[in-house]
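For reference, the structure discussed in these notes is given below.
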Amino acid sequence: QVQLVESGGGLVQAGGSLKLSCAASGSIFSINVMGWYRQAPGKQRELVATIRSGGITNYADSVKGRFAISRDNAKNTVYLQMNSLKPEDTGVYYCQVYVRRNAITTIQEAYWGQGTQVTVSS
């Protein structure tokens, strides 16, 4: 099994910053894609940013230039630095990782974190 532990959410005023962390542990051989998604009340979960094992990143247009995703492969951890936060960034933020669990399989299994609340006040 693989466990994901998220941290770093909270309440912040518009224009402020937060940094989210998500640490993966358990039966892990390698992790390819790591990412962050968010879900606002009454809305569908949406992609925020992803980062591949080689460092290639992808961002939603709404966060480009304000958010930065990074990872520490030695710690199996992904981060999301969020700057210039806006009220519309409010929601529950979830991390997702694609894990290869051993050297034999080529299958990558997707796992989700439990979510962390981010609230941006105006």
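Throughout, residue positions are numbered sequentially from 1 according to the sequence presented.
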Do the side chains of [Y] and [X] get nearer than 4.5 Å, heavy atoms only?
X: C22; Y: W36; answer: yes
X: N32; Y: R52; answer: yes
X: V97; Y: L4; answer: yes
X: S62; Y: K86; answer: no
X: F67; Y: L85; answer: yes
X: Q114; Y: E6; answer: yes

Take F29 and R101 through the test side-chain contact (heavy atoms from CB on, under 4.5 Å) and record every step on the way to the result. CA-CA 5 Å; F29 175 72; R101 296 186 62 185; 5.8 Å; no
Does S122 offer a backbone N or O that forms a donor-acceptor pair with the side chain of Q13 under 3.5 Å?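 No, the answer is negative, given that no donor and acceptor are paired below the 3.5 Å cut-off.
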Closest approach of [X] to [Y] (non-hydrogen atoms, all atoms of both residues):
X: M34; Y: T77; answer: CE-C, 3.8 Å
X: Y59; Y: A49; answer: CD2-CB, 3.6 Å
X: A24; Y: I31; answer: CB-CD1, 4.0 Å
X: M82; Y: L20; answer: CE-CG, 3.8 Å

Check the pair Y79 / Q81 against side-chain hydrogen bond (donor to acceptor under 3.5 Å, both in side chains), numbers first and verdict last. CA-CA 6 Å; Y79 305 96; Q81 177 67 48; over 6 Å; no
What verdict does the side-chain contact (heavy atoms from CB on, under 4.5 Å) test give for S30 and Q108, after you've listed the backbone C-alpha separation in whole Å, the side-chain angles of each residue and the deciding distance to 0.1 Å? CA-CA 9 Å; S30 65; Q108 297 182 38; over 6 Å; no
Straight-line distance of K75 NZ to S25 OG, nearest 0.5 Å: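 Those atoms lie 14.5 Å apart.
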Just checking, any donor-acceptor pair under 3.5 angstrom between side chains of [X] and [Y]?
X: N83; Y: S17; value: yes
X: Q96; Y: Y94; value: no
X: N102; Y: R100; value: no

When you group the ILVMFWY residues by side-chain heavy-atom contacts below 4.5 Å and let the links chain together, are [Y] and [X] in the same group?
X: I51; Y: Y98; value: no
X: V63; Y: V92; value: no
X: V33; Y: V2; value: no

Do the ring centers of W112 and Y37 come within less than 6.0 Å of each other?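 So the answer is yes for these two rings.
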Going by salt bridge (Lys or Arg N to Asp or Glu O under 4.0 Å), name the pairs with one or both residues in residues 21-38, residues two or more places apart or in two chains.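 Those involving residues 21-38 are R38-E46, R38-D89.
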Could you check T90 against V118 for side-chain contact (heavy atoms from CB on, under 4.5 Å), going step by step and ending with a plain yes or no? CA-CA 5 Å; T90 294; V118 172; 5.9 Å; no
If you count every heavy atom of other residues, nucleotides or ligands that lies below 6.0 Å from R45 atom CZ, does the total exceed 12? yes
How far apart are the C-alpha atoms of Y111 and Q3, what are their side-chain angles, what is the distance that settles it, and do they pass the side-chain contact (heavy atoms from CB on, under 4.5 Å) test? CA-CA 8 Å; Y111 293 88; Q3 297 79 40; over 6 Å; no
